[in-house]
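As a basis for the values below, the full set of heavy atoms in this structure was taken, side chains included, without hydrogen atoms, waters or symmetry mates. In this text, all values refer to a predicted model and were calculated from it rather than measured experimentally. Below, read A as the first sequence line, B as the second, and so on, with proteins coming before strands; counting in each chain starts at 1.
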Amino acid sequence: MTKSGHAIFFDGKTTARHDVTVELAPAELIIRDADRTVLAQWGYDDLETLSAPDSVLRVGKRGNPVLARLEVRDPELAAAIDEFSVPVDRSGRSERRMRRNIVIWTVVATASLLLVAVLGLPEIATRLAPLVPYSVERRLGEAIDAQTRAQLDDRRVGAAFECGSAETEQRGRAAFDKLMKQLEAAAAVRFPLRPAVIRRPEANAVALPGGRIYVFQGLIDKAERPDEVAGVIAHEIGHVANRDNTRSVLQGAGLSLLFGMLLGDFVGGGAVVIAATTILQTSYSRDVEAAADLYGVLLMTKIGGDPRALATILQRLDGGIHPGGIRILLDHPETQERVTKINAAAAPGPRRALLDDAEWSALKRICAGG
Amino acid sequence: MTTLDAAVPAAPPGHAAPGRGPVRFLGEARFFWRLLTRGAVLLMFTLGIYRFWLTTDVRRFLWSNTELSGDTFEYTGTAVELLLGFLIAIVLLVPLYTLFFVITLSAGPIGEMSSLLSFLMLVVLGNYAIYRARRYRLTRTIYRGVRFHQSGSAWHYALCAVLWWGLVILTLGLAYPFAQSQLERFKMRNTFFGDLPGRFEGTGWALFVRGILMWFLSIVPFMVGLIATLGAIDWDALAADGGSDDLSGWFDATGLSGAIVYGGFSVGWLVLSIVVFYPLFQAMVLRWWTSGLRFGEVRVTSHLRTAQIYGVYARFLWYALLFSLVVLVMVVLALFTVPSALKEEHSKLSEIIATAALLVTYLVAALGYSTIYQATVRLGLWRSVVESLDIAGGAALERVHAGGEASSPIGEGLADALNVGGM
């Protein structure tokens, strides 16, 4: 067994390199310079291995405020020090054990984080959403409304963004108001709805926080009966009544807090965060849509309309009706599933016409002035 | 003591034969690949929490394999420190994010300006974090038993950086050399190796002169194209006639068809010039930057060749291409097998499986490219830059006295939480 050897020593006070002799005494290693002056005496249990190239063993004294370093390039001496000292760990065994513990615990932490995100967050958001005061929700709605309008309003000259204000559109507006009045009275949402038909070619409708509902011109064009328009609006009222937007804002904030911060960014651009958030939010949105559909069916039944009309128009438009979530997965079957569920929930009941024929044809022309 | 130290030979016997310069890189790419690949797998399973350990491993590898005049550097930072810094940063940032959220909801001019306001605050904070993170890394860098350290106010730096970067954007990049030289001057003026003060001697004009041709070849055509694009559009026609059904006629009348051609050309040109010039640009900046570094009497010169940087990126592209093919084959296989199993039942379970598959594919791809980037570009740049250096006055490095304290890791944590983390 080697008892001594040559090494390089830095005393931590200056950058001067000392060529030293290392003597392995029973309890400590003794570092001596060429004049046999003792430069340092380090107990074996106080040693710590420091990062170095593979061919070098670099040790220091644990907790030493002075950064003194001993660099051993002689493999035999290095092996001997490793043998004497418990903390010196050239094979990296104890380091690996520590790493394994860390990895196991982080995997567990990740799993519990995911569970919170998938199961906990929707529950928290569902319970918090009704507690958000209407004034806050309305303000939130206005902030989103400004953005939505900026996106949707293509600013055609000579036509307002909202249909129904021009002379030729007045009768259509009256019909729309009549339809809305029936729906709103039956829905009894705690705060006023603020619906409008807007000049957009897509067959779509959106509900914003604070009771704002936009029905797109394209939807009215594609609808064949008043009940179909009413069905879609009833679905949107469902979103308002269930405060889905507020909930999704809360969920989004929670998700970005959970993932955006903890995940950090090793791959650049926070792309993982965006992907994870999008996917989780789409999966939340399935249930939300289903709940709104059910609400729509009940509301339509209440006012004596045809609850199946929502399914009819959904099928005609084939899924393109809601812009809320980005559809990535299994697009087609989703509509089919919704249609089946709507039809199953629709109970037979007394029916009446929501609008008469004249009113319906007026509604069809609500955007004719533009 | 110093008189005695000066007598110590710079390259003691028993050392490997020196390479081209006094600075060598000893690390083997093989080990780095292994380290990164293992790290990537663990990153995936821990949703990124392992990054503190991976970052520390990477730095240890790079630092301890860099040899200057026969002695290697040492990185003494630990993963636990990084984790702690990150947790502290979260504690500081959560109230700030909440504040931003509340501001967005408030009415009036503050509410309308909120996104701009929060963006500005985050940019300032990001630069603050960059400076503090640099301090952390420097104080964890040890050479011959003496640590580097950094003084100076991080807020001061953040303010300067934001103003300079604003100027760079306003001048379409013309101010970039001056911004770089001033910011680097600030950093190096506050950088010390023990009691040896650093400084930066590169000038903005030197970089400006070298880069101006590249600027003319890339930015000027792009700007001309952009102006042509905007000029080609007949704004009155666009505003007046929005509802026409005749799409192609409408495109011609409003000048949009011409604008699309011009726009396509100018954006295409910009992308092409970035692809062609970026390695050239990077080599130029790296050469200029390293050649301006000074520590006391120690002067650094760089002989970095541009071809090396092109080589580094070529390697990256080659590996990325191979990896893309592998991922593509895997995705195609998955598309053929998974949906058939799912088609029978559209239950919640199948939905979760599909979602998870998508997420995993995405993670594998993202981590794969990141690993390839680290192993080719980052290691390649480090090695090329380090080995290109020539040191004059290196004798001064033999008699430096220790100084400076280890700093807190909050800066790194903040940089990490704000996604501005670097090396």
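Scanning both residues, B:Glu74 and B:Trp63, for their nearest heavy atoms gives O-CD1, 3.6 Å. Across all non-hydrogen atoms, the minimal contact from B:Val91 to B:Pro95 is O-CD, 3.0 Å.
Ring planes of B:Phe193 and B:Phe295: perpendicular class, angle over 60° (limits at 30 and 60°).
Annotation: maximal heavy-atom pairing with chain B below 4.5 Å, among A:Leu50, A:Asp54, A:Ile102, occurs at A:Ile102. No other option in A:Pro65, A:Ala68, A:Gly12 has as many heavy-atom pairs under 4.5 Å with chain B as A:Gly12. Contact count versus chain B (heavy atoms, under 4.5 Å) is highest, among A:Lys13, A:Arg58, A:Glu71, for A:Arg58. Annotation: maximal heavy-atom pairing with chain A below 4.5 Å, among B:Thr66, B:Val146, B:Thr371, occurs at B:Val146. Of all the listed residues (B:Phe61, B:Tyr75, B:Trp53, B:Phe31), the one sharing the greatest number of non-hydrogen pairs under 4.5 Å with chain A is B:Trp53.
Here A:Arg69 does not pair with B:Asp71 in a salt bridge; the nearest charged N to carboxylate O distance is not below 4.0 Å.
Both tests do not hold together for B:Arg378 against B:Phe32: distance to the six-membered ring centre under 6.0 Å, angle to the ring axis within 45°.
Residue B:Tyr373 does not touch chain A at all, counting heavy-atom pairs closer than 4.5 Å. Of the atoms belonging to B:Leu397, it is backbone heavy atoms, and not side-chain ones, that fall under 4.5 Å from chain A. Heavy atoms closer than 4.5 Å to chain A are found in the backbone of B:Phe73, but not in its side chain. Interface remark: B:Thr76 contributes side-chain atoms only to the contact with chain A (heavy atom separation under 4.5 Å).
With hydrogens and angles disregarded, no donor-acceptor distance shorter than 3.5 Å links the side chain of A:Thr14 to the backbone of B:His401.
Looking at B:Ser69 and B:Arg144, their side chains come closer than 4.5 Å, going by heavy atoms from C-beta outward.
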